[in-house]
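On a predicted model such as this, the values are computed, not experimentally measured, just so you know. Proteins come first, then strands; the chains are lettered A, B, ... in the order of their sequence lines, and each starts at number 1.
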Amino acid sequence: MAQFKQWALQYVLSEDESAQIEIAQKAAREIESTRASSTVVGNWAASVQQWMTLASPNDEDDEMEDGDEGNSGDVISRAKALGFLAATLEFLDRTILRPDQVLRLIGFFGAMFSYDHKAGITASAKALRKLYAMKSFKPEMGVKIIEDVCQIKEDFRLQTAATRLEIYELFLELVQDPAVSSELQHKHGSSCGFALDLLQLCKNERDPRNLMVWFKILTTLVKDYSTSEEVTEEIFKTFSAYFPISLRASSTPIGITAEDLKEAVRGCFSAHQRLASHAFPFLMQKLDQGDAVTVAVKVDILKTIKACIEQYDNPQVSIVPHIEKIWGSLKYEVRNGEVKETIDATLEVLRAIARKLDGTKTQKLDVSLLKGYIDIVFRDCRDDLANPTYTKQAGLLLMTVVTTNIRGYVLYNATFIDNIRQNLRQPKSPSHTCDLLLLVNSVLKTRIDLVENRKEGHPDDEEQLKTESHSHIRELFHDVYLPIWTGKASEAGSEEKGVLKQVVQGLALLANQKVLLPDGNVFLLYPAPLCSEICSLLTAALTKGLSLSSRDNQANDTALEDEVVVGLRSVVMSFTDGYDEIATRAKAEISKRDWASPSEYSLGALKDLLSRLIFIGCSKIPTCTDAEGRSKKTYSPLQHFIAAIDTLLGLFPLSSSPTAANTYLISSLHAALIWFRDACTTKYEKKSPLPHSTSDKNWLEEFRTLPEDWLTQLHRGDDAIEFLNKDDPEVYHQFLKLSLFAVRRLYRDATAPSQKAWAEQSLTQLAQTAALVVQNLDEKLQIACRLSQEAFRFFTESEEPTSLESPLNGLLTVGILQGLRPGAMTELYEPGGVAERFLCDTADTVYSSSRAADIRAAIGAILANKYKGGPSTSDPESLTMKRVLDFWGDWLKKTTASTDVSPEKFKNLNNVAMHIIGGAIARQDKNVVELIPILQQAAASPQVNGEAVAQSLGILVKANELLTPESHAVVRRFYKQWAYTHLVKPLYELARPTAENSLAATRYSLAILSVVSNCQFTIYQDDLEPLIRLLVTALKSRSKISEEAAQSHVISALEILVEIILNDSGALKGYVKEIVRGTTNVYQQSMPKKTLAQPVKPAILTQSRKLALQVLGAIPKTFEERYTLQYAPPTQRMLAMACGDPVRKVREAARSARANWAKVV
Amino acid sequence: MPEILENENPTILNVSQLPSRSRKGPSARAGPDSAFDSLLYPSQPWLSSSSQSSSSEDEEDSSPIDEQDIFDLIAPISDPEHPHTLGQLSVVRLPDIHIQHPSDGGSRLTTVTVDLTPTINHCSLATVIGLAVRYRLEQTLPPDWRVDIRMKDGTHAQDDQVNKQLGDKERVCAALENETLKGMLEKMLEGC
């Protein structure tokens, strides 16, 4: 006894929650240790007696009088004392108390609700919840608890929200407990007196957290208790009073949103069909208040109606009697509605009704219910179809109810379409026609979905589809679409175009309609000749461009053609014969013309036609559906792709001279590959990544045995393409093989001695096509096909590399090399082999122009990058690359020490050298380290060529579009850091503006900025101080370097400044003056000169000016006014002038800078 | 600002209907099939190192300020009473902007004249709109440009008075010192 008293005292005095828990645990252990002997439990309960003023001693269940408010005064202590008991219960083993003890404790705590409204409630509620969880809790005790708690009556409102929540939780637990529930119903019957007490007690609740529980209690009462009509109504009144519920924004988040509350109330409404006779009239009345209802409330009402419809059982009784009324209110929401949200929510309700009346997946309801519903809708909407103002809305309503399920669709679609057709015969305006067509199209579209998803519903649905009549759909083409198309095709008004767009969509949908035969097979609804007619109708719209002259076809709006393209693509996905027809027609139209010297307009038309032709056939993979009168050609997912590339190859060359027309064919081939690759990714990659080819068969060997016109044979269907007819990821593999065949053929053509049809642009496109194919082959296959050799042999039979002669053919080499994996290239690197000869070549012929040098540089970069030496390769001692780098080292030393090589030639060769070294740097080739001192010396050389080296060092770390992960380049993650540390860091000291050798210092500065401007900020952030000094000097002085180098120096400096301002502007704080003056200076010096001879390209000057203004404009945004104020007036004047800059982009930069500086006052 | 809108239902143009530079002349087609056009028909030769300046489009050529530039500067100003821009409401129209370059030997000033068309002819906010246009142009044009803002003939009941106000330098300066008016202008210019 004394011990419990001691603990109780400690508990009451303690402020620390963890200490209190400890005490309660001790007490609980003490009770458990005696197996809850009556004495111990008694002592424990009596331990709080001293705080229970006026309570009689020694008896734990004795009633306590509420202490006189004035003199007991110690409400807090009393609450804590009771808290001690509640906390002990929390830690007590739930099996330990005996039923009689639980009952007595319930009595004790229950009594608190009658007497101690100030201190006892929270603790008692908690304690009662614990007691409810005890093993010896009996259902009748639950009844007692509810009765006891309800005694609190009016004082319930005065409790804090947290206390009330505790009580709500208690109630919820009790009413949800099946045993307590049956006891309650047994005792109270359907009159449910306890429920009325609860309603009385809680009806004024406003706290959101409590409401969430309260609504759950109400939902349970309606759902699980068979309450009498009166009680149901009372409950309905209680929760409907909260509707529509909203939540005031509060600064303290409570974790409950308005949406949660709405859902909880919605749960009450839809709890049981018993509420139907109250809920529907109530909600309808709310909805019909007109403008007084906001959109959010309207949506809430509609969602609630939908929830009721979906949840209520026995729709004949609960829903059918209200349908007329619901429809009467809802139709206006759509017919006259303007807000998308309400319209959508309304349609959802209508759809829910149709679904409910149809029945469930397992049990269909009587068909008369659904029929009755749709009839009501038809009655009201039919006439609206003839009224252009309401056509769309009426159609939407009809669509919604008719197409919700298969049964409704089969019963009513014919009537619906018939109604639309009648109206289409006498349309009131083009937009009326448009709306009506949209409706037919929607029905057709839904039909496709219904057929597609037929297995998801009741088995009867599928049966109904099998017996469906579709003659009215069959007639649509000749009856509806064709007359409108022929009638409007010649007119070009925007309204007519809208109609035609609908026609195109409709035709595409018609060609995709499928029927379900009684045997379960799926067939195209339209026979092949009809589909074919649709194709040719639409194709004519695409080829029209070619036959018109530029005067006749000035419309820039290609929306209709775009629609046709999408439409045709959709047609040929099901009607696979269609694509051949389109391709043949396009081919005929194109070859009819002479492409030797076409007009710009014709070229544009050709480009568009080809682009569309490719998109239609290659951007999606066709499926296999049978149709009446279809050709006997075997289906293959690749058939359109084959037809497309065979058509392109068949057309090539359109002209025997290198015209744009030829280029367009090659570009289109490239497009075909890209589209088809993406289509494969979309279709097959969902399951697993596309397989790389796994065979190590030499495809090229196989190609040699195939006829030149193999693709044509496949296209015609002569050659069996059984291996191509499976619709699985293997398609991708076969696609690569066919593509390689096409690439091989064109490579041979392009490099044939007499060829004249290839322009540089065509070669570029072909090379990129080759890269696309090759990079997707795996290493084994690349080796098996010996593709690395083909990079220099171009698939010809010659043993000697041919590429080294013609510079432009180098593009083709780049194409293949770009796609190769390093492991497949080792053959090239044998000592003295192709790669070495190529990389160490400074012969004059190949460097005749800067373009030739660019291509050489690209090949060099790839070869240097994908080099792989070492054991088991053809360069076992890894010497080839070392020799190459040494070669260029020597060359640089020699050429920068004298003026033997003209600057022009030096620049070209230096470009190649830098790219080769750059390729090796990306791979972090350790041989590069030895080359670095040579590079540094070369840059500092007093000869003029040194400047070119310094200026071009940036190439070493510049991102190279050829060295990407997709093209299997070896790019180490930190190669830029590596290069920076070795190449740039040692130069800072030497580049100081005050250094002895000022020419060398300037060159070093040029080199540093050239490299740094190609690096990310993090790489050089540790060297900001010396770097900024260099930047400032670069902006200020241009001595000792040529005008051109000075400009590139300045541009690098400005680019770096932009980066620094973005990342660590604080470092520039001490240099505001220099930067403002420097950028102003740069801007003024970069104005285009009036003189004719310009040493620097205007584009470079423009870039300088733009960057200068960009940096200048960022200053006031970055630094506080005290740093900038003194420079404001002159800068503002200068920027005002800059707003009149001759170049638009510079003016934009000037304006934004001016606005920023205008704020400095 | 008046509580009741003076013109509740002005005609509103879609942003795509406004005159813009990019839509002048033959533009690139953007059909469903042209997704890869930049790859297939690149504007620069492949592997070209001389293309360092990544934006060497024809924009780099010198192109003096023209009417379209002026339109682009003022069309995004928002209307004080509608949530639309002056361009969308056709208050500012491209054909009503005129630039007069200095003739030889005369003054060196270029003059830009903008005729505004109020949405209704008794618009009380016409002066505010005019002021905003003027303020915007003065902030963004070089100092050797003169700005002349007027109401288009016959579009406003009191166009003489409004024009007089807008042409009066001192009144314009005084108006810009007024904090309330300044605040309103800043709000109108937010979208620029």
Side-chain angles (χ1 to χ4, degrees), chain A residues 556 558 561-562 565-566 569 604 607-608 611-616 619 663-664 667-668 670-671 674-675 760-761 764-765 767-768 811 814 850-851 853-855 857-858 911 915 955 961-962 1048 1051 1088 1097-1100 1102-1103 1133 1136-1145 1147 1151 1154-1155 1158, chain B residues 16 21 23-66 68-70 72-73 101 108-110 112 135-145 186 189 192:
Chain A
N556 270 332
T558 57
E561 283 81 357
D562 293 343
V565 169
V566 177
R569 179 176 73 159
K607 183 172 151 189
D608 287 349
S611 165
R612 287 165 173 156
L613 179 70
I614 295 306
F615 176 81
I616 294 168
S619 63
T663 302
Y664 291 165
S667 289
S668 301
H670 190 190
I674 301 179
W675 278 118
E760 180 183 335
Q761 195 42 248
T764 300
Q765 289 298 324
Q768 291 182 353
L811 289 168
V814 176
S850 69
R851 182 76 188 125
D854 283 343
I855 296 170
N911 183 21
H915 274 91
I955 295 174
E961 57 170 320
L962 299 172
S1048 91
I1051 289 182
K1097 282 190 205 151
I1100 304 276
T1102 305
Q1103 206 194 353
R1133 273 197 301 277
M1137 290 305 290
C1139 283
D1141 193 281
V1143 178
R1144 186 165 296 117
K1145 272 190 178 164
R1147 286 203 293 272
R1151 277 203 296 273
R1154 189 179 176 185
Chain B
S16 61
R21 196 173 300 282
R23 270 188 289 280
K24 281 182 179 171
S27 57
R29 200 167 56 83
D33 52 298
S34 34
F36 301 114
D37 275 6
S38 61
L39 211 64
L40 303 171
Y41 307 101
S43 55
Q44 280 185 14
W46 192 36
L47 310 178
S48 158
S49 65
S50 53
S51 61
Q52 276 163 347
S53 53
S54 53
S55 51
S56 61
E57 297 145 31
D58 38 25
E59 284 247 1
E60 304 297 332
D61 300 344
S62 82
S63 44
I65 301 176
D66 61 9
Q68 177 73 49
D69 281 311
I70 304 288
D72 291 342
L73 286 174
H101 291 287
R108 291 178 55 215
L109 292 180
T110 311
V112 53
Y135 181 60
R136 169 75 177 151
L137 288 180
E138 279 176 353
Q139 274 188 327
T140 49
L141 289 177
D144 51 355
W145 279 61
E186 309 249 288
L189 296 181
C192 298

Fill in the blank from the handout: Comparing A/Leu962, A/Val566, A/Asp1141, A/Ile674 against chain B, the one with the most heavy-atom pairs below 4.5 Å turns out to be A/Ile674
Exercise for the section: Measure distances from A/Arg612 to the heavy atoms of chain B and classify the residue's part below 4.5 Å as side chain, backbone, both or neither. Expected result: both
Practice task
Measure distances from B/Ile65 to the heavy atoms of chain A and classify the residue's part below 4.5 Å as side chain, backbone, both or neither.
Solution key: both
Exercise for the section: Measure distances from B/Leu73 to the heavy atoms of chain A and classify the residue's part below 4.5 Å as side chain, backbone, both or neither. Expected result: side chain
Practice task
Provide the closest heavy-atom pair for B/Pro142 versus A/Met1137 in the form atom of the first, atom of the second, distance.
Solution key: CB-O, 4.2 Å
Practice task
Would you confirm whether A/Ser611, through its side chain, and B/Ser34, through its main-chain N or O, come within 3.5 Å as a donor-acceptor pair?
Solution key: no
Exercise for the section: Over all heavy atoms of both residues, which pair between A/Arg1154 and B/Glu138 is shortest? Give the atoms and the distance, please. Expected result: NH2-O, 3.1 Å
Completion exercise
Rounded to the nearest 0.5 angstrom, the CG-CD distance for B/Leu39 and A/Gln765 is 7.0 Å
Completion exercise
In this structure, CG of B/Asp33 is separated from OG of A/Ser668 (nearest 0.5 Å) by 10.0 Å
Problem - Top contributor to chain B interface from A/Ile1051, A/Ile616, A/Asp608, A/Ile855 [non-hydrogen pairs under 4.5 Å] - result: A/Asp608
Completion exercise
Here the gap from A/Glu961 atom CD to B/Leu47 atom CG, rounded to the nearest 0.5 Å, amounts to 5.5 Å
Exercise for the section: Tell me, out of A/Ala1136, A/Ala857, A/Gly1140, who's got the most heavy-atom pairs with chain B below 4.5 Å. Expected result: A/Ala1136
Handout entry: Between CG on residue B/Asp72 and CZ on residue A/Arg1144, distance to nearest 0.5 Å
Key = 8.0 Å
Fill in the blank from the handout: Max heavy-atom pairs within cutoff under 4.5 Å with chain B, candidates A/Arg1147, A/Glu760, A/Arg569, goes to A/Arg1147
Practice task
Measure distances from A/Ala858 to the heavy atoms of chain B and classify the residue's part below 4.5 Å as side chain, backbone, both or neither.
Solution key: side chain
Exercise for the section: For B/Trp46 and A/Arg851, work out which heavy atoms get closest and say how close. Expected result: O-NH2, 2.7 Å
Completion exercise
Closest non-hydrogen atoms of B/Ala35 and A/Trp675, given as atom of the first, atom of the second and distance, are CB-CH2, 3.9 Å
Problem - Atom pair SG/CG of A/Cys1139 and B/Leu137 - distance to nearest 0.5 Å - result: 11.5 Å
